[in-house]
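See below for the structure under consideration.
Sequence lines set the chain letters: A, B, ... in the order given, protein chains first and strands last, and positions in each chain run from 1.
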There are 2 protein chains.
Amino acid sequence: MELKFLDSKPSSLSEKAALVARTKSSPFSSFEHPVGVKFSQEFSSCRGISKKASYLSSNGTYMPKRANSSVDKEKTAAENYFYQISGTNGASSSLFSRNVGVLDACDDEYGGVVVDPDRLPANPDDFAPMLQFSLSHWKMKGKKGIWLKLPLERSELVPVAVKEGFEYHHAEPGYVMLTYWIPEGPCLLPTNATHQVGVGGFVINDKNEVLVVQEKFYDPSFADLWKIPTGFILESEEIYTGAVREVKEETGVDTEFVEVIAFRHAHNLAFDKSDLFFVCMLKPLSAQLKVDDLEIQAAKWMPLVEFVAQPLIQEDGLFMKIVDICMARLGKHYCGLLPRQVVSKFDGRSSCLYHNVIDAGNVTCNGN
Amino acid sequence: MELKFLDSKPSSLSEKAALVARTKSSPFSSFEHPVGVKFSQEFSSCRGISKKASYLSSNGTYMPKRANSSVDKEKTAAENYFYQISGTNGASSSLFSRNVGVLDACDDEYGGVVVDPDRLPANPDDFAPMLQFSLSHWKMKGKKGIWLKLPLERSELVPVAVKEGFEYHHAEPGYVMLTYWIPEGPCLLPTNATHQVGVGGFVINDKNEVLVVQEKFYDPSFADLWKIPTGFILESEEIYTGAVREVKEETGVDTEFVEVIAFRHAHNLAFDKSDLFFVCMLKPLSAQLKVDDLEIQAAKWMPLVEFVAQPLIQEDGLFMKIVDICMARLGKHYCGLLPRQVVSKFDGRSSCLYHNVIDAGNVTCNGN
């Protein structure tokens, strides 16, 4: 019998903190909209499973051996058992043995486990037996959701995880997140992002001309339509900043944000996701046009009456309602929403609350 | 030399239509917020590459041979060439040869290609050479973005695609979408969904009591906080429906939606995504409480003055602003947003436009 220690450099605080930061829910979520199972918000809940030793069984079966150092009384006995089994399926990089232990991971505060993506086994052949053993271990400990983030450069581990029953949760260019729900009954893990967010800028000058564009990529049936500049907001961008940026990018015109005047909620669009589209009233600060060659075919200042008179707008319920609201706003018969920076003590951060003007006098609100 | 035909059953219209439907952007997007590159909106733009024949070269190099049937003049000559090369790296399921052809795919109207996930090669060993050949082919044709959707059950193809330079774009439980941007310069493909959307229900009865909850999973520092019921909206759910549902699920109380009174925009929360949280005013239709055991510790009707007097609310800028707005709304000094179903001729579908009341008289709007 051979006793061997796995490579187990203690993971640094910064590594763990970064792991938790990448996966945690809003520090404000206890107020906001938590779901059944949330991520750990505190590093303190992340109890690393490290300092593993491995143990070679002569018959190739799991042979637990209690580690003889750093026994943490909070851990179960199993957590201090480390294994090495014979490689019997020929996939091991070693001719004779394969290291098996619980994957480096930390607990979340909802009974789940977050595998450390920076400490996955270097040898892909070690991954399948370690994942199998980890799942048995986590099941035994009554764990619920398992979060497994695989960086792009470890894509060879994806089919291994899927074979063990993991499903995709979400992905970004540099990684894919897989999950495994242990308990019987429906999976209570929070879902992936559900929405795209877009903005449109309604810009009107003091000659009653609207800033409009024609796009390069359009459905042929909309070929003649002059429309307001629109686009998706960027990652972490504010709605009011995004509207000003899009107008500048597409037309070259500088503007100042006035109000969000309405928003549209639509479903089953790109990638089957939903879409929130915020119509913003903007005030022009410059007049000269400089068209974005990439997206935009043409831009111009169009008399408001001509803009509204376009058949494609006249025939469309949604277009017309938005135009009505913009007209009402121009005539001071309508109030939109303004963003206010508010700091919450729960996360110490500033975020934007969009709301209407709070009037001193009585107002008639939607019949209620 | 051996001439052999690849398995190439013509893909059905419904398969292709489903593929396009799953990936297309909003049929309304020409009005909405298109980005530089969008998906095909019409099945007609999907020109399937099928009816392939393969050709075996005796020296293992690509040896194009023009197919002798169904020559489409719109296609380049290369699109009608089909290949089979010798399997030289030992990975082939066949000892001697491997079929190579362009992957089944359709064009999108933005110069991109959408690979058909239902017609990936059955033999995983065929995938690498087919993908390599397809990329060469698409590069030669001046294509831009390549969309490769790999179902969960074909996860063995993920590392192959990554090795060829694909990146993850997004994932849902049943699949991962990978992309490859061919041109030099920045990738112009639309991004993944960027936002989670949550709702909170402010429910107040005619005794001036607010419906409040305490959650099971909370940060210890918020242990004493009674808060309004909150939660994420479901896939394709409306904001007003989600608010009523969340209140019912967490407290058992039936309510009627009144207005969206404000929304908060915050960034870098769960999975680094942004978050839009809509505060809804709701009118109670029942009083009896039935607490959701899974998420909620306790629920009660709390006098408004007690609710507002909670230290955690008094000390928090965001909480207090929301409470102020709710108070103003109760005192008829504030108007929120109401959803109106509007049908657009551009997609023939109904969606919700949330806007304020359009008043006949003059109003003072945010100083503009």
Should A:L150 and A:F166 be marked as a side-chain contact (heavy atoms from CB on, under 4.5 Å) after you check the CA-CA gap, both sets of side-chain angles, and the distance that decides it? CA-CA 12 Å; A:L150 296 178; A:F166 278 78; over 6 Å; no

Using heavy-atom distances under 4.5 Å, tell me whether [X] contacts chain A through its side chain, its backbone, both, or neither.
X      : answer
B:I296 : neither
B:V176 : both
B:Y240 : neither
B:E237 : backbone
B:L157 : neither
B:T194 : both
B:I313 : neither

Carboxylate-amine/guanidinium contact B:K273 A:E172, below 4.0 Å: yes

A:Q314 atom CD, neighbour heavy-atom count above 12 within 6.0 Å: yes

Option that, when pairs with chain B are counted at under 4.5 Å, heavy atom only, ranks first among [options]:
options                        : answer
A:P173, A:S350, A:A161         : A:P173
A:C352, A:G317, A:C187, A:P339 : A:C352
A:M281, A:K321, A:E156         : A:K321

Which atom names give the shortest non-hydrogen contact between B:S155 and A:P159, and what distance separates them? OG-CA, 3.3 Å

Between B:G174, B:A193, B:A328, which residue shows the highest count of heavy-atom pairs closer than 4.5 Å to chain A? B:A193

Largest heavy-atom contact set with chain A, pairs under 4.5 Å, which of B:E238, B:E315, B:H265: B:H265

Quick check against the 3.5 Å criterion: does A:Y334 have a side-chain atom that pairs as donor or acceptor with the backbone of B:N356? yes

For the pair A:N192 (side chain) and A:H170 (backbone), establish whether a donor and an acceptor sit closer than 3.5 Å, ignoring hydrogens and angles. no

How far does OG1 of A:T191 sit from CZ of B:F232, to the nearest 0.5 angstrom? 7.0 Å

So for [X], is it side chain, backbone, both, or neither that comes closer than 4.5 Å to the heavy atoms of chain B?
X      : result
A:S274 : side chain
A:L330 : neither
A:I261 : backbone

Angle class for the [X]/[Y] ring planes (parallel below 30°, perpendicular above 60°, tilted otherwise)?
X      : Y      : value
A:W147 : A:H169 : perpendicular
B:F278 : B:F263 : tilted
B:H267 : B:H195 : perpendicular

